[in-house]
Amino acid sequence: MSAGVVIIGGGQAGAEAASALRAQGYEKPILLIGDENQAPYQRPPLSKAYLMGTLDAERLPLRAESLYDKQHIELLLGQTVVDIAAPLQRIRLRSGSVLPYEHLILATGARNRLLQIKGSERALYLRTLPDADTIRERLASATSVAVIGGGFIGLEIAAAARKLGKQVCVIEAAPRLMARAVSPLLSDFFRDAHEKEGVEILLATGIEEIEDAAIRFTDGSRRAAEVVLAGIGVVPNVELARAAGLAVGNGIAVDEFLITSDPNIFAIGDCAEFPCVFANARAGGRVRLESVQNAVDQAKCVARGIEGTPEPYRDPPWFWTDQYNYRFQMAGLSNGHDETIVRGDAASGKFTAFYFKDKRFIAADSVNRFADHIAARKILGSGTKLTPEQAGDEAFDLKRV
Amino acid sequence: MPKVTYIAHTGESQTIDVPAGYSVMEGAVRNGVDGIVAECGGACMCATCHVFVDEAFLAKLPPIGEEQEEMLNATAVARRPNSRLSCQIPAIAALDGLIVRMPERQT
């Protein structure tokens, strides 16, 4: 009997890879190894509906547990892989078991970047379901909350905490919100949105210390903070790959087929650094993306590579975040744009910013403009041309492109 | 638990007990019903859980929200009057026995 596929990582990428392989007709064994104790579950609601208590934990799993049996996908939960012997095509678990593979898929994800300041042991982080449960519990008895980091996670947590009636302060070291991923236009829009909801936003602000129930800033001032949450980015889990001798950059390095420097090993999802046709070529054209879309589409790409016709990974990136009544949807990667065309009116809370580079359409950020977002994804995916004039003309039907 | 019958475009049919309060999409995805993709996990983001609802149940469905309205115009197979996104259909007692048909493709 063949050793089949072993997937390391029980997040969405790993789970989707297993399902996608079966959907492709793959019949050999599939083993999915996760270091958490839960079967694969959705993470996006953890910072939104689940945190606010409007979605039950029972609805988080990606698949019914019985489905893994039905599809002959073996789940090994609460287990850690400690070693990959690539030349021998074997992995070793912490328990000591050695398991063979024909193909190995690394879906090891990422972990939270940790604060390195005085009192940082008081900060909470959100990545897993148990993390979310801890935060819910702590929020329940708190009145003041400080969120360190004005990125997507931090702002979603801030919005949730505000909806729960907490006094919320967001502290960001950079001069604007979500600076790594969005344009100043959107940073400003969301700063206004949060401030209108009563969240205090402190930009370009340094923290000296997390005290017992307060944050002390470098200028000596303080804000009350019974609960301190930090969302300051992630670090990809590349150690296993590096120790196995695989090439590693800002993530486990893969080619356009998502194959690592070992031909039997793939890497997908948050941990993988891949060549991306939608990325800024001047920045090297290689990216590592942390999103559901990337996890799911890369899983499917690898499944086709193992069972089916290999095709390069070319799916356009998309992402979303929900904050208050705003749904912010991103298509493509806007880094490096040199022209911005806005359709709609930011003041109305419904608009799309279309980004161009050398007159070429590269990305769109939509706030409560769902159809624009879907159209932008289709245009990017098909590689058809959208001009700045068309983007700015409300009378022009984007679906016609 | 409300029963929902999912009929693939090939005619193959599966009936699933969907826990009350779950969406029709969740009932499908959690149980491996092919033909409903739900790339976004039910956030009404992707229009890949498109179904055609049996006419007998149309009047019992919740109204189509603005977001669903726009997303339904972006489905891979063209929208029909009985098109819905299954992530926006809750499995409730009034919809027990619901029949949905899946389009040929979702992406």
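Chain letters run A, B, ... following the sequence lines, proteins first and then strands; every chain starts at 1. Remember, predicted model here, so these are calculated numbers, not experimental data.
- Of the atoms belonging to B:V33, not a single heavy atom falls under 4.5 Å from chain A.
- Considering all non-hydrogen atoms of both residues, B:T75 and A:K378 come closest at O-NZ, 4.2 Å.
- Enclosure of atom CG in A:D345 by more than 12 non-hydrogen atoms of other residues, nucleotides or ligands within 6.0 angstrom is indicated.
- Nearest heavy atoms, A:E58 versus B:R30: O-NH1, 3.7 Å.
- The two residues B:G32 and A:L67 have their closest heavy-atom pair at N-CD2, 3.4 Å.
- In this structure, B:E12 places its CD atom where only 12 or fewer heavy-atom neighbours from other residues, nucleotides or ligands lie under 6.0 Å away.
- Neither the backbone nor the side chain of A:E16 comes within contact range of chain B, judged by heavy atoms closer than 4.5 Å.
- With a threshold of 4.5 angstrom between heavy atoms, A:P45 does not approach chain B through any atom at all.
- Of all the listed residues (A:H373, A:R377, A:Q293, A:Q71), the one sharing the greatest number of non-hydrogen pairs under 4.5 Å with chain B is A:R377.
- Residue-environment remark: CD (A:E27) stays at or below the threshold of 12 foreign heavy atoms within 6.0 Å.
- A salt bridge links A:K350 to B:E66: one of the charged nitrogens lies within less than 4.0 Å of a carboxylate oxygen.
- Nearest heavy atoms, A:R369 versus B:E70: C-OE1, 4.4 Å.
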- Query: Checking side-chain contact (heavy atoms from CB on, under 4.5 Å) for the pair A:F370/B:Q68: CA distance, chi angles, key distance, verdict?
  - Reply: CA-CA 9 Å; A:F370 318 108; B:Q68 185 181 180; over 6 Å; no
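- Across A:R63, A:Q42, A:R59, A:R22, the residue that shares the most heavy-atom pairs under 4.5 angstrom with chain B is A:R59.
- Looking at A:L62, only its backbone comes within 4.5 Å of chain B, counting heavy atoms on both sides.
- No donor-acceptor pair under 3.5 Å is formed between the side chain of A:R327 and the backbone N or O of B:E67.
- Residue contact with chain B, scored on non-hydrogen atoms closer than 4.5 Å, involves the side chain of A:D297 exclusively.
- With a 4.5 Å cut-off on non-hydrogen atoms, B:D34 does not touch chain A at all.
- A distance of 6.0 Å separates NZ of A:K70 from CG of B:N31, quoted to the nearest 0.5 Å.
- Neither the backbone nor the side chain of A:K48 comes within contact range of chain B; no heavy atoms are under 4.5 Å apart.
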